[in-house]
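One structure is given below, encoded as structure tokens.
Just follow the structure's listing: the first ligand is 1, and inside any ligand the first atom is 1. Here the structure is a predicted model, which is why all the values come from computation and not from measurement.
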Amino acid sequence: MSQLEKLRQAMGPAGVDAVWISDPANVRALSGFSSPKDAKVLVTAGSVTLYTDARYTVQAQEESPLPAFIARPPETYQHAAQSLSGLRVGFEAEHLTVAMLDDLREHWPDAQLVPLRELGRGLRMVKTQDEIEAIRAAQALADRVYAEVRPSISAGVRERDVALDIEMRLRRAGAESAFDIIVASGPRGAMPHGVASDRVIEDGELVTIDMGARLGGYHSDMTRTVAVGTPSDEMLRVYRAVLEAEEAAVAAVGPGVRAADLDTLARDILTRHGLGEAFAHSLGHGIGLEVHEGPSLRGVSTDVLEAGMLVTIEPGAYLPGIGGVRIEDLLLVTENGHEVLSRAEKDRL
Ligand SMILES: CSCC[C@H](N)C(=O)N[C@@H](C)C(=O)N[C@@H](C)C(=O)O
């Protein structure tokens, strides 16, 4: 089913006759338009319109099968008002600013505005085949770049230079970095999101590299922790515990599996190693047009995995003042289990 069909199907149960889409990831999913921050989509039972401005006339025509109306507010709102009189119009509560809501109220006095939450989950959690291939390509590129850069991660090298090398290679290949690249060495490894700094990597340290490619709007995400020289016995123990938790959780991924159970499985292994408190985030997340999207692999999640979902599995352990480890793979949930899309080699310490 297309994302437009999914949205139309969800409109009745949500109590709306139309939806005004302003979340860029949902705009892109529905329209294919690659500058979704400068666009909106209006969906009614019988029509769908892409709204953008004259900077994008040619681009919208080339990229999107949707009929486009080229204008800027207030003309955009005035045009949409013609098809919304008397309708209940849903909007994305997490994405529409208070100022935008004021504008909609002013220009659509005959419509009833209804806040909707988490629209993207219904539209985007299960990927289309094209989306799966886009993410597979992004991950394949990230794997290649990681393999090229891995030999240079050594004592005397600045974290920033490792990140720059990764970013330059991604860009040369026509992609971008999916997020600020994390290169966290030695004690900085205790920061789960320690983006690359000026710190110089030292002999005997672990270094966490968390990187992804954004290609055609779709993201990949993968983490490897590598050893430079021989790490301390304490950090070797932490590394092996995280690897055990990661591999156990990866092996358990499949359709029908509760996301919360996966988180518990990994957390229990780390707890047995005395590292439960050190695992400071969720086990993983869905990925696609955003780095973090549904399903959520956290303890309180009610999500159940389905074939066609893409998820990360990324347990970690962080010891303030000492260091940290995270190991992350990107997986496609399949009818029979899963496929690991991230192929980059892991250190066997
Ligand atoms: C700022 S994007 C960083 C991406 C990174 N690979 C990542 O996903 N890190 C996780 C530790 C994370 O942020 N997990 C989220 C879902 C959480 O636990 O809330």
Atoms of ligand 1 close to S282 [distance to a heavy atom under 4.0 angstrom, numbered from 1]:
15 (C), 16 (C), 17 (C), 18 (O)
Pick, from H292, H285, E290, H219, the option with the minimum heavy-atom distance to atom 12 (C) of ligand 1.
H292
Of all the heavy atoms in M222, does at least one lie under 4.0 Å from an atom in ligand 1?
no
If you compare all heavy atoms of H338 against all heavy atoms of V340, which two are closest, and at what distance to 0.1 Å?
CD2-CG2, 3.9 Å
Run through the side-chain heavy atoms of Ile, Leu, Val, Met, Phe, Trp and Tyr, join any pair under 4.5 Å, and report what else lands in V48's cluster.
L4, L7, M11, V16, V19, I21, V27, L30, F33, V41, V43, L50, Y56, L66, V114, L116, L119, L123
All heavy atoms of D38 vs all of T52, minimum pair found to be O-OG1, 2.8 Å
Looking only at non-hydrogen atoms, the one of E328, M211, H281 nearest atom 11 (C) of ligand 1 is H281
Other hydrophobic cluster members with W108, side-chain heavy atoms of Ile/Leu/Val/Met/Phe/Trp/Tyr under 4.5 Å, chained?
W20, L42, Y51, F69, Y77, L84, L87, V89, F91, L96, M100, L101, L104, L113
Just heavy atoms, cut-off under 4.0 Å: does P192 contact ligand 1 by side chain, backbone, both, or neither?
neither
Quick test: of every protein heavy atom, which one is nearest to atom 9 (N) of ligand 1, and how far off is it to 0.1 Å?
H193 NE2, 2.9 Å
Which protein heavy atom lies closest to atom 19 (O) of ligand 1, and at what distance to 0.1 Å?
R298 NH2, 3.0 Å
Are the side chains of S34 and E62 in contact, using a 4.5 Å heavy-atom criterion?
no
If you scan protein heavy atoms around atom 10 (C) of ligand 1, the nearest is E314 OE1, 3.4 Å
Considering all heavy atoms, the nearest S2-E5 contact
N-OE1, 2.8 Å
Backbone or side-chain N or O of D210 under 3.5 Å from ligand 1 N or O
yes
Can you find an N or O of T223 that's nearer than 3.5 Å to an N or O of ligand 1?
no
Less than 6.0 angstrom separating the ring centers of F179 and H219, yes or no?
no
